[in-house]
Amino acid sequence: MDEAIRLAETNMERGHGGPFGCVIVKDGEIIASGYNEVLNNNDPTAHAEIVAIRRACEKLNNYYLEGCEIYTSCEPCPMCLGAIYWSRPGKVYYAASREDADQAGFDDKHIYRELCLPLTDRIIPFQQIMQQKVKDIFLTWTRMNLNIKY
């Protein structure tokens with residue numbers, strides 16, 4: 001956790017993005033790390049956890065982080081939480097809470113609220129179109145019977 005926090009502080013001082021850092025550990029060794037690169041890369045998805053997950057998966061040559069632990073300087077936002085669940089690590093440790101981040105001006109709570117609303121009530125309109133075309137593609141995928149779980 002000390003390394004995740006160090007990355008958060010160093011990154012903040014460099015001005016690359018918010019004060020967030022993350023390391024991924026397997027068998028007691030750091031296999032990947034990341035810090036928030038949103039400002040540096042003009043990429044709203046370049047959160048510390050996403051960057052670290054991408055690097056760890058590349059190193060392991062696998063999209064699962066089985067047997068890994070994630071140490072992150074702050075409770076993950078909804079986007080990072082989704083990536084964590086998709087990558088399936090064994091455990092996540094975090095330092096600051098989402099309430100701590102909110103007090104520092106990082107407002108994720110509106111996203112948590114939006115996720116609970118029906119699509120028609122969300123701030124950003126969502127409209128489903130061309131459903132059948134994609135359902136047909138899904139049917140083809142199912143018939144291919146590749147048994148690839150992710």
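Since the structure is predicted, the reported quantities are computational estimates derived from the model, not experimental observations.
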May I ask you to decide if I111's main-chain N or O and R113's side chain share a donor-acceptor pair within less than 3.5 Å? no

What I'd like to find out is whether the side chain of L60 reaches to under 4.5 Å of the side chain of I31, using heavy atoms alone. yes

Within a 6.0 Å radius of atom CD on E114, are there more than 12 heavy atoms belonging to other residues, nucleotides or ligands? yes

Give a yes or no answer on whether the side chain of K26 reaches the backbone of L65 with a donor-acceptor pair at less than 3.5 Å. no

Would you indicate whether Y112, at its atom OH, is surrounded by more than 12 heavy atoms from other residues, nucleotides or ligands within a distance under 6.0 Å? yes

Distance-only donor-acceptor pairs under 3.5 Å for side chains of residues 125-140, two or more places apart:
residue	atom	partner	partner atom	Å
Q132	NE2	D136	OD1	2.8
T140	OG1	D136	O	3.1

Is the Y71 to Y94 ring centre distance short of 6.0 Å? no

What distance separates E29 CD from C68 SG, expressed to the nearest 0.5 Å? 12.0 Å

Under the side-chain contact (heavy atoms from CB on, under 4.5 Å) criterion, do F106 and F20 qualify, and how do the steps go? CA-CA 11 Å; F106 297 97; F20 302 99; 3.7 Å; yes

Which distance, rounded to the nearest 0.5 Å, do you find between the OG of S87 and the OH of Y63? 12.5 Å

Would you check, one step at a time, whether the test salt bridge (charged side-chain N to carboxylate O under 4.0 Å, His left out) holds for R55 with E58? CA-CA 5 Å; R55 290 176 179 161; E58 184 176 344; over 6 Å; no

Taking salt bridge (Lys or Arg N to Asp or Glu O under 4.0 Å) as the cut-off, I'd like each qualifying pair that reaches into residues 119-132, sequence neighbours left out, listed once. none

Short question: side chain of N41, backbone of D43 - any donor-acceptor pair under 3.5 Å? no

Any side-chain donor near an acceptor of the partner, E75 and S97, under 3.5 Å: no

Kindly compute the distance separating CG (N11) from CG (L39), expressed to the nearest 0.5 Å. 8.5 Å

State, with a plain yes or no, whether a side-chain heavy atom of R14 is found less than 4.5 Å away from one of Y35. yes

What do the steps show when you test E69 against I24 for side-chain contact (heavy atoms from CB on, under 4.5 Å), and what is the final call? CA-CA 6 Å; E69 297 174 333; I24 299 178; over 6 Å; no

Is K91 close to I70 at the side-chain level, that is, under 4.5 Å between some pair of heavy atoms? no

I'd like to know if the side chain of D100 and the backbone of C74 have a donor-acceptor N/O pair within less than 3.5 Å. no

Closest non-hydrogen atom pair, M79 against I50: CE-CG1, 4.0 Å

Provide the closest heavy-atom pair for P78 versus L115 in the form atom of the first, atom of the second, distance. CB-CD1, 4.0 Å

Taken to the nearest 0.5 Å, the spacing of T72 OG1 from H47 NE2 works out to 11.0 Å

Which heavy atom in C80 sits nearest to a heavy atom in E49, and how many Å separate them? SG-OE1, 3.3 Å

Would you check if the side chain of N40 reaches a backbone N or O of H16 as a donor-acceptor pair within less than 3.5 Å? no

Start with the C-alpha distance between I84 and V92, add both sets of side-chain angles, then the distance that settles side-chain contact (heavy atoms from CB on, under 4.5 Å), and finish with yes or no. CA-CA 9 Å; I84 288 167; V92 176; 3.7 Å; yes

Tell me whether L117 at atom CG has more than 12 heavy atoms from other residues, nucleotides or ligands lying less than 6.0 Å away. yes

Minimal heavy-atom distance between S73 and P19, with the atoms involved, is OG-O, 3.9 Å

Does the pair R6/E9 count as a salt bridge with the N-to-O cut at 4.0 Å? no

Please name the pair of heavy atoms, one in A52 and one in G34, separated by the smallest distance, quoted to 0.1 Å. CB-N, 3.8 Å

Out of curiosity, C22 SG to I53 CD1, how far, rounded to the nearest 0.5 Å? 6.5 Å

Sidechain-backbone polar pair: N62 side chain, C57 backbone, donor-acceptor under 3.5 Å: no

